[in-house]
Amino acid sequence: SSKFVLSQVHPMWQEPLAIPGGDRQSPIDIVVRKSIFDPQLRPLKVQYDPRTCQQIWNNGYSFLVEYDDTTDKSTLKGGPLEDQFRLCQFHFHWGENNAWGSEHSIDRRLYPAELHLVHWNSDKYSLFEESVIEDNGLAVIAVFLKIGKRHEGLQKLVDALPAVRHKDSVVEFTKFDPACLLPENIDDYWTYAGSLTTPPLTEAVTWIVMKQHIEVSHDQLAVFRSLLFTSAEEQLQRSMVNNFRVQQALKGRTVRSSFT
Ligand SMILES: O=S(=O)(O)/C=C/c1cc(Br)ccc1O
Ligand SMILES: [Zn+2]
């Protein structure tokens, strides 16, 4: 029988005492009126190849949709980026209800969920693992999710999630084009220097936070919440909800916008 702890009494992981550097941590609240329009920010160039999609893995924090990043087939460049970056995975963060769940906020407004498309700098490094510790090693596109109409493109992913209910489970997942999860307008975004929001929390990320959100249905998000933080062997199962990090101090950083 499935006895799940419905509300989270303990955070997903303990915030470490010593954070690497600590002056460019993520996520943050984006104060719109304090962001600076930068006319030199170029449009983003996203070129994803659905054939590089490989599997879904429940890593105990979220579920990662993983891509073959051994060649430059699914890439991101332009925007604030000087180099070419390779897509390695995307995942989400969400709440136990629709009132919260995103990691970033816009003028303190939280969304029920947030998508992260994680890319690493393949001009400078040969492996994702190397890029994770370098200050311009990673670029993450963040897209807010709002409850509304059903997202047709997401449904293929939602249908696969019961197969990765427990931590450490993996299921083959192919031919998924992550571009279908981007909003129509990807030219309007905020960007700032930050960190991973899950361990190792390294300060290697150029964040690109989309202004326009996407819509998913209540039922689609409910399937995210049916996942578990815990592995099949564990006695006490815990629902995978509230897998977001607390917001971090801006510490004098500037958030730039690509739009006025
Ligand atoms: O939430 S993010 O900051 O995008 C964390 C990304 C991430 C980085 C590593 Br390394 C492993 C799994 C992950 O989900
Ligand atoms: Zn994330």
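Both backbone and side-chain heavy atoms feed into the values below; hydrogens, waters and symmetry mates do not. Atoms within a ligand are numbered from 1 in the order they appear, just like the ligands themselves. Numbering starts at 1 and runs along the sequence shown.
- Relative orientation of the Y48 and H119 rings is parallel, given thresholds of 30° and 60° on the angle between their planes.
- Near ligand 1, residues L64, Q89, H91, H93, H116, V118, F128, L196, T197, T198, P200, W207 come within 4.0 angstrom through at least one heavy atom.
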Show me the donor-acceptor pairs within less than 3.5 Å that the side chains of residues 169-177 make with the rest of the protein, sequence neighbours left out.
{"from": "S169", "atom 1": "OG", "to": "V164", "atom 2": "O", "distance (Å)": "3.4"}
{"from": "S169", "atom 1": "OG", "to": "H166", "atom 2": "O", "distance (Å)": "2.4"}
{"from": "D177", "atom 1": "OD1", "to": "A179", "atom 2": "N", "distance (Å)": "2.9"}

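- Rounding to the nearest 0.5 Å gives a distance of 9.5 Å between OG of S122 and NZ of K77.
- Shown are Y189, W190, F37; of these, the ring pair (Phe, Tyr, Trp, His ring centres under 6.0 Å) with F259 is made only by W190.
- Put simply, the side chain of E134 does not reach to within 4.5 Å of the side chain of S131, judged on heavy atoms.
- Note on H116: its N/O/S atom closest to the Zn ion (ligand 2) is ND1.
- Contact check for F224 versus V158: side-chain heavy atoms found under the 4.5 Å cut-off.
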